[in-house]
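Report on the structure given below.
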Protein chains: 2
Amino acid sequence: MKIETRQEEIIRVAAKLFKEKGYSAVTMRDLAKAMGIKAASLYNHIKSKQDILKTIIISLAEEFTEGMLQIQASNENCIGKLNRIIELHVKISNQNIYGMASLNNDWMHLEEKLEYYQQLRDDYENDFRKILETGIASGEIINIKPEVMMFSILTTLRSLYLWIPKKEDINLDELSHSLSQILIKGINK
Amino acid sequence: MKIETRQEEIIRVAAKLFKEKGYSAVTMRDLAKAMGIKAASLYNHIKSKQDILKTIIISLAEEFTEGMLQIQASNENCIGKLNRIIELHVKISNQNIYGMASLNNDWMHLEEKLEYYQQLRDDYENDFRKILETGIASGEIINIKPEVMMFSILTTLRSLYLWIPKKEDINLDELSHSLSQILIKGINK
DNA sequence: GTCTATATGGAGATAGAC
DNA sequence: GTCTATCTCCATATAGAC
């Protein structure tokens with residue numbers, strides 16, 4: 001277990017506060033209080049409030065991009081790839097519950113990195129859509145509008161951060177499996 | 001078509017801004033600018049910023065509660081009730097896209113009405129869960145953890161506001177039908 | 001019903017002592 | 001690495017003229 005730097009601690013605590021109230025409603029004074037120091041002291045470790053948000057969101061977005069690249073490169077079939085996507089979301093969401101809230105709800109408050117984030121998200125969705133379309137073309141999944149399918153699956157996966165913390169004894173493999181049944185059996189011929 | 005009062009117009013425009021940036025990031029000056037007046041003038045029509053949020057969220061939450069009561073009182077079977085719930089979400093989301101964003105993302109910024117909102121939401125989820133449990137008990141739907149099922153269906157329905165505006169030529173019946181296929185066929189024996 | 005002017009408080013961030 | 005003190009700006013909201 002790597003020792004957490006003070007900067008990492010600030011980012012971790014900030015993400016927790018951002019999940020509860022959203023980026024805009026959390027003040028540097030709130031964050032300092034949660035850290036047990038004064039607001040001015042935060043600036044010895046971080047550049048700005050915006051920089052905290054950027055770090056939280058971009059690292060997560062890049063993790064998803066990386067995961068999607070590996071899934072694309074695999075030679076599984078369409079359903080196999082969808083299962084890998086489910087596992088990817090379960091894994092990342094469980095590792096960073098608080099950060100996922102910012103990724104989902106506070107991305108619009110990014111400043112310089114906004115366009116970069118949007119590009120990553122658009123690419124991710126396009127890759128996802130392509131997997132569904134391939135599955136439809138090959139007859140592997142039913143022929144319902146891929147947009148509606150993607151919307152349904154992706155919004156469920158994107159909301160995992162809200163739901164995982166409520167389960168006391170979470171078994172990640174079991175959760176992935178249940179989600180797979182519910183999300184995929186419905187579109188599997 | 002009822003004529004919109006100035007107060008209703010403010011609430012409608014506020015909801016639109018809240019959807020884009022969230023309640024906390026929208027200032028009364030932003031809202032005034034969008035209305036073409038000065039911030040101070042808003043207070044001739046509304047009591048406070050908080051009051052705008054309360055109006056948006058509570059009216060929607062009560063609409064869902066009312067809808068759920070009717071569905072419960074109907075004598076449809078479990079799948080029929082689930083389809084009615086899908087239609088309820090599609091209808092309300094389509095009627096009030098902007099308000100749905102506040103309901104989903106800004107409820108935690110409610111002040112006096114926070115507990116009331118939480119009660120309505122908890123009741124709604126309990127009613128939903130009961131429908132699923134009844135369906136499992138009667139063998140109408142598959143026996144997967146009802147929590148995961150509810151989570152999956154409800155988060156999809158709650159995110160409709162993000163997705164409906166992207167479809168130019170939206171046919172509500174068709175959308176409800178597609179969602180029904182995707183969300184229910186997966187849990188239908 | 002809208003305006004200008006203003007009250008009051010709190011935001012993000014920096015300087016410089018310890 | 002943390003503190004106190006402070007800068008500057010902007011937030012919600014009110015008072016009172018037109």
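Residue numbering restarts at 1 for every chain, and letters A, B, ... go by the order of the sequence lines.
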Look at the aromatic rings of F64(A) and H89(A) and report parallel, tilted or perpendicular, splitting at 30° and 60°.
-> tilted
Between the side chain of D30(A) and the main-chain N/O of T27(A), is any donor-acceptor distance below 3.5 Å?
-> yes
Atom-pair distance (CD1 on I52(A); C1' on dA13(C)), nearest Å | 12 Å
Check side chain to side chain contact (heavy atoms under 4.5 Å, CB included) between S74(B) and all other residues, then give those that pass, not counting sequence neighbours.
-> E76(B), K81(B), R84(B)
K49(A) atom NZ is separated from dT14(C) atom C1', nearest whole Å, by 18 Å
How about H177(A): does its NE2 atom have over 12 heavy atoms from other parts shown lying under 6.0 Å from it?
-> no
Hey, does the side chain of K38(A) come within less than 4.0 Å of dC3(D)'s phosphate (OP1/OP2), counting only N and O?
-> no
Taking atom P of dA13(C) as reference, at what distance in whole Å does atom NZ of K47(A) sit?
-> 10 Å
Ignoring the backbone of T27(B), work out which of dC3(C), dA11(D), dG1(D) is nearest its side chain.
-> dA11(D)
Kindly write out the residues that satisfy side chain to side chain donor-acceptor pair (under 3.5 Å) with E20(B), not counting sequence neighbours, or none if the list is empty.
-> none
Roughly how many Å is it from CD in Q50(B) to P in dA13(D), rounded to a whole number?
-> 9 Å
Nearest-nucleotide pick for A40(A), side chain only, options being dT4(D), dA13(D), dG12(C) | dT4(D)
Rounded distance in Å - CG (L53(B)) to P (dT12(D)) = 13 Å
Whole-Å distance separating the CD1 atom of I46(B) from the C1' atom of dA13(D) = 10 Å
Rounded to the nearest angstrom, tell me the gap between atom NE2 in H45(A) and atom P in dC3(D).
-> 10 Å
Whole Å only: how far is the CE atom of M28(A) from the C1' atom of dG12(C)?
-> 7 Å
Side-chain N,O (Y43(A)) to OP1/OP2 (dT14(C)) below 4.0 Å = no
Would one find a side-chain N or O of S41(B) under 4.0 angstrom from OP1 or OP2 of dC3(C)?
-> yes
Side-chain donor or acceptor of R29(A) under 3.5 Å from a matching atom on the base of dG12(C)?
-> yes
Do the ring planes of W107(A) and Y117(A) sit parallel (below 30°), tilted (30 to 60°) or perpendicular (above 60°)?
-> parallel
Note: contacts of residues 14-26 of chain A with DNA chain C (heavy atom, under 4.0 Å) are V26(A)
Is the F18(B) ring parallel, tilted or perpendicular to the Y23(B) ring (thresholds 30°, 60°)?
-> perpendicular
